[in-house]
Colleague: 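Below: one structure in structure tokens.
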Number of protein chains: 2
Amino acid sequence: MTELSGAADSASPPRAPNIRDVAKAAGVSHQTVSRVLNDHPSIREATKERVLQVMEQLQYRPNRAARTLVTSKSRTIGILAATSASHYGPASSIGAIQDAAREAGYYVSTANMHNTETSGIQDALNHLVSQSVEGIVVIAPQKRVFDVISELQVSVPYVTMQSSSDSPHTVSVDQRGGARLATRHLIERGHRMIYHLAGPQDWIEAEERMAGFLEEMSAQDIPTTAPILGDWSADFGYRAGRELLRFRDFTAIFSSNDQMALGLIHAIRDEGLDCPRDVSIVGFDDIPEAAHFWPPLTTVRQDFTELGRRCVAQLLGNISEPEVVNIEGITAELVVRGSTAGPSF
Amino acid sequence: MTELSGAADSASPPRAPNIRDVAKAAGVSHQTVSRVLNDHPSIREATKERVLQVMEQLQYRPNRAARTLVTSKSRTIGILAATSASHYGPASSIGAIQDAAREAGYYVSTANMHNTETSGIQDALNHLVSQSVEGIVVIAPQKRVFDVISELQVSVPYVTMQSSSDSPHTVSVDQRGGARLATRHLIERGHRMIYHLAGPQDWIEAEERMAGFLEEMSAQDIPTTAPILGDWSADFGYRAGRELLRFRDFTAIFSSNDQMALGLIHAIRDEGLDCPRDVSIVGFDDIPEAAHFWPPLTTVRQDFTELGRRCVAQLLGNISEPEVVNIEGITAELVVRGSTAGPSF
DNA sequence: GCGGCCGATGTGACCGTGCACATATCGGTG
DNA sequence: CACCGATATGTGCACGGTCACATCGGCCGC
């Protein structure tokens with residue numbers, strides 16, 4: 001642990017002004033000042049103005065700690081994030097969460113899980129709880145996280161995003177439906193031998209996409225092989241692609257995200273083959289770069305920003321018309337580009 | 001503004017235990033409990049153990065607001081981020097900042113700027129200051145941010161990252177050196193007509209990279225054209241590429257980041273040309289996907305994670321050997337891949 | 001044997017704010 | 001003009017920690 005050095009520039013007075021200082025200067029009681037701060041209705045306009053003026057003059061800033069102490073409301077929500085938070089999707093959602101929270105007058109504090117061990121989750125969770133956050137958005141929808149949260153008996157409301165599990169604490173894109181769209185697209189193009197490159201086993205969203213894939217395949221009576229479990233990275237996609245292409249027993253691959261799809265395309269090319277001529281590829285997420293891949297990637301778009309906003313809305317119990325809320329609210333959308341075509345044989 | 005609903009599960013008792021509750025249960029004074037919390041040296045081992053046990057039993061959690069109130073140390077640092085925070089680089093750094101801060105016992109709160117207007121910066125800054133953060137990391141190195149910070153007379157220490165300006169509040173990768181490496185690489189391959197696709201005008205790092213480009217060109221006595229100012233996005237890279245290629249008066253482009261480079265390559269292909277045969281491209285950042293682009297992208301790698309760590313270290317005044325610190329500490333590294341070759345004519 | 005010192009612990013005040021309650025002020029009413 | 005209720009403002013206390021200082025033994029040295 002280390003200490004933060006003193007203020008940067010100004011040789012500030014030893015103590016910042018508080019409401020009593022303001023009160024004295026304005027010739028009112030501290031309570032009146034407090035009322036001004038909290039927009040209390042029964043306060044005379046003239047008084048209010050005078051107080052506000054003094055505040056301005058004294059550079060008064062309310063002390064959040066004091067307020068939190070007495071109200072026991074921290075006005076802070078926490079984000080529990082996986083290391084994957086540097087990816088486009090999660091990062092976008094986090095941004096949206098922060099914005100939505102701020103708009104609602106809340107602060108946001110973030111903690112990353114260092115690993116997917118129970119201890120890593122616990123540490124991060126403790127870190128958040130210890131600042132008495134009023135709610136938590138879990139953005140690392142790994143199954144284990146649920147267990148840890150319930151095991152710890154966290155007494156804080158929480159929401160997880162991007163999963164479609166049976167938990168009530170969930171805001172999600174319809175991952176399963178999106179995966180079915182992607183799969184159906186390949187089938188409609190005539191593919192019958194389709195692989196699925198899935199995300200990590202313990203990610204709920206990976207599981208949902210896999211489930212969607214299997215559902216659609218089975219609905220169309222097409223036999224499937226076991227999905228490959230990846231780690232979301234382009235590197236993994238490349239290695240998996242090289243491996244798979246040793247036996248060319250497929251004509252299309254549905255990848256669980258765009259990065260892995262990019263790796264697959266790379267592998268296809270390095271094997272002297274062509275996408276989409278020899279192998280069609282569909283991704284998932286529609287990251288902004290996907291349209292500029294070669295070939296431009298057919299993928300499933302999800303609205304990460306909306307997702308983040310909804311998380312906060314749900315956490316704050318502020319969804320405009322609660323009865324109408326569609327739990328699977330945000331639908332995914334297929335974006336067809338150049339990486340898919342009919343099979344060449 | 002909305003209120004957060006009550007605790008999720010447990011019908012918790014009206015009040016959480018405080019140090020006096022613990023003290024009573026352990027048969028000591030509240031101050032002794034406080035000493036245990038703060039690892040005070042002169043406390044008997046037996047007493048300490050007893051207190052700790054009671055804490056465990058009562059599920060005691062120290063109240064951060066109370067501690068902050070009395071010590072006036074919030075143990076929180078703020079991150080002031082641009083919307084670009086969803087990009088790989090900034091997101092990685094933010095993750096590293098959060099981890100480093102937590103390791104040092106600090107909490108992290110993040111605020112995004114909604115726009116680059118003064119008001120947007122001010123709002124975000126106020127949001128951070130109002131929670132009495134002890135320090136701020138600015139991760140949106142736009143020049144205007146500096147102005148606003150100094151104008152507001154923010155009395156909080158701050159550090160900005162990814163700029164190499166003359167400000168003392170800076171931790172940076174050697175952007176300029178990296179840009180020179182990239183440019184020199186193109187020159188060494190024989191290119192003489194080289195364009196630069198820069199980042200937004202008001203970004204310090206964009207400026208630095210541009211400066212590096214111009215420096216190297218001038219050092220080698222090669223005439224330059226005015227750089228194009230982009231917005232970091234692949235989309236812009238694509239549009240700029242299409243535009244530029246109407247006059248093929250160049251054989252190479254140095255792009256200020258990898259995303260725009262991707263868009264350029266896409267444009268080159270759409271014009272029926274080939275990268276690197278007709279045009280060589282160099283990017284900047286080395287995002288994880290760059291190795292899997294087609295062609296794999298020659299680019300300049302910077303260590304975002306280390307950057308984030310150093311920001312926190314600097315902010316906490318914890319750099320191990322202050323005298324030895326190299327302000328330009330983190331060097332950038334050229335990664336040569338397939339997108340560069342000699343000019344074809 | 002006694003003063004002094006040190007380690008271990010206790011006592012009370014205080015940090016800045018909001019809440020419950022008390023009090024003043026004012027206009028209208030019978 | 002006494003009385004009522006509503007509006008506007010003031011008074012003390014509580015929140016849960018930490019800090020400064022007081023207290024209390026025991027041990028040491030002369």
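Below, chain A is the first sequence line, B the second, and so on; all start at residue 1.
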Colleague: Can you tell me the distance, in whole Å, between the NE2 atom of A/His40 and the P atom of C/dC19?
Modeller: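 It is 10 Å, rounded to the nearest whole Å.
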
Colleague: Expressed in angstrom and rounded to an integer, what is the separation of B/Arg20 atom CZ from D/dA14 atom P?
Modeller: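 Roughly 11 Å, once rounded to whole Å.
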
Colleague: Counting side-chain heavy atoms from CB outward, which of C/dG16, D/dG16, C/dA20 is closest to A/Val70?
Modeller: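 Of C/dG16, D/dG16, C/dA20, C/dG16 is nearest to the side chain of A/Val70.
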
Colleague: Is there a donor on the side chain of A/Arg44 or the base of C/dT25 sitting less than 3.5 Å from an acceptor on the other?
Modeller: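 No.
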
Colleague: Please give, in whole Å, the distance from C/dG16 P to B/Gln131 CD?
Modeller: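 After rounding, the gap between these two atoms is 19 Å.
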
Colleague: Would you indicate which nucleotide in C/dG16, D/dT18, C/dG10 comes nearest to any side-chain atom of B/Asn38?
Modeller: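 Closest nucleotide to the B/Asn38 side chain: D/dT18.
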
Colleague: Using every non-hydrogen atom in the two residues, find where B/Ile139 and B/Ala82 come nearest and quote the distance to one decimal.
Modeller: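 Looking at all heavy atoms of both residues, the closest pair is CG2-N, 4.3 Å.
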
Colleague: Out of C/dG10, C/dG7, C/dT17, which has the shortest distance to the side chain of A/Asn18?
Modeller: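 Shortest atom-to-atom distance from the side chain points to C/dT17.
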
Colleague: Rounded to the Å, how far apart are B/Gln31 CD and D/dC21 P?
Modeller: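 One finds 14 Å between P of D/dC21 and CD of B/Gln31, rounded.
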
Colleague: Nearest whole Å is fine: how far is C/dT9 P from B/His30 NE2?
Modeller: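 Between P of C/dT9 and NE2 of B/His30: 15 Å.
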
Colleague: Is A/Ser34 close enough to C/dG18 that one of its side-chain N or O atoms is under 4.0 Å from OP1 or OP2 there?
Modeller: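 For C/dG18, OP1/OP2 do have a side-chain N/O of A/Ser34 under 4.0 Å.
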
Colleague: Assign B/Thr68 to base, sugar-phosphate, or nothing according to its heavy-atom contacts below 4.0 angstrom with the strands shown.
Modeller: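 If one applies the 4.0 Å heavy-atom cut-off, B/Thr68 turns out to touch nothing in the nucleic acid.
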
Colleague: Whole-Å distance between C/dG7 P and B/Arg35 CZ?
Modeller: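 Taking CZ of B/Arg35 and P of C/dG7, I get 13 Å after rounding.
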
Colleague: State, without any angle test, whether A/Thr76 and B/Arg64 hold a side-chain donor-acceptor pair at a distance under 3.5 Å.
Modeller: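 The criterion, which ignores hydrogens and geometry beyond distance, is not satisfied for B/Arg64 and A/Thr76.
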
Colleague: What is the distance, to the nearest angstrom, from the CG atom on B/Leu69 to the C1' atom on D/dC19?
Modeller: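 Going from B/Leu69 (CG) to D/dC19 (C1'), I get 13 Å.
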
Colleague: Under 4.0 Å from OP1 or OP2 of D/dG16: is there any side-chain N or O of B/Asn63 that close?
Modeller: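 Answer no for this pair, as no side-chain N or O of B/Asn63 is under 4.0 Å from OP1 or OP2.
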
Colleague: Any side-chain heavy atom of A/Val312 within less than 4.5 Å of one from A/Glu103?
Modeller: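 A side-chain contact is absent here, since even the closest heavy-atom pair is not under 4.5 Å.
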
Colleague: Just to be sure I understand the rule, does B/Arg64 reach a base, reach only the sugar-phosphate, or reach nothing, if contact means heavy atoms closer than 4.0 Å?
Modeller: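 Nothing, no heavy atom under 4.0 Å.
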
Colleague: Between C/dT9 and B/Thr47, is there an OP1 or OP2 to side-chain N/O distance shorter than 4.0 Å?
Modeller: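 Affirmative; the distance criterion is met.
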
Colleague: Hey, is the side chain of A/Ser42 poking within less than 4.0 Å of OP1 or OP2 on D/dT7, counting only N and O atoms?
Modeller: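 For A/Ser42, the contact criterion (side-chain N or O under 4.0 Å from OP1 or OP2 of D/dT7) is not met.
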
Colleague: For B/Thr32, which residues count as a side-chain contact (heavy atoms from CB on, under 4.5 Å) partner, sequence neighbours excluded?
Modeller: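 B/Thr32 satisfies side-chain contact (heavy atoms from CB on, under 4.5 Å) with B/Val28, B/Ser29, B/Arg35, B/Ile43, B/Thr47 only.
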
Colleague: Answer with base, sugar-phosphate or nothing: what part of the nucleic acid does A/Ser72 contact at a heavy-atom distance below 4.0 Å?
Modeller: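 Nothing, no heavy atom under 4.0 Å.
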
Colleague: Could you check if a side-chain atom of A/Ile94 sits within less than 4.5 angstrom of a side-chain atom of A/Val108, using non-hydrogen atoms only?
Modeller: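 Not touching, per the 4.5 Å side-chain cut-off.
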
Colleague: Quick check on DNA chain D: between B/Thr71 and A/Val28, whose nearest nucleotide comes earlier from the 5' end?
Modeller: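 Its nearest nucleotide being more 5', the pick is A/Val28.
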
Colleague: By the definition side-chain contact (heavy atoms from CB on, under 4.5 Å), identify the one residue from A/Met55, A/Arg50, A/Glu49 that meets it with A/Leu52.
Modeller: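 So the option named by the test is A/Met55.
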
Colleague: Take atom CZ of B/Arg67 and atom P of C/dG16, then tell me their distance rounded to the nearest Å.
Modeller: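 Value for this atom pair: 18 Å.
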
Colleague: With a 4.0 Å cutoff (strictly under), does any side-chain N or O of A/Thr32 reach OP1 or OP2 of D/dG10?
Modeller: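 For D/dG10, OP1 or OP2 has a side-chain N or O of A/Thr32 closer than 4.0 Å.
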
Colleague: Scan B/Ile43 against the nucleic acid and name what it touches under 4.0 Å (heavy atoms): base, sugar-phosphate only, or nothing.
Modeller: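 Answer is sugar-phosphate: B/Ile43 comes under 4.0 Å of backbone atoms only.
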
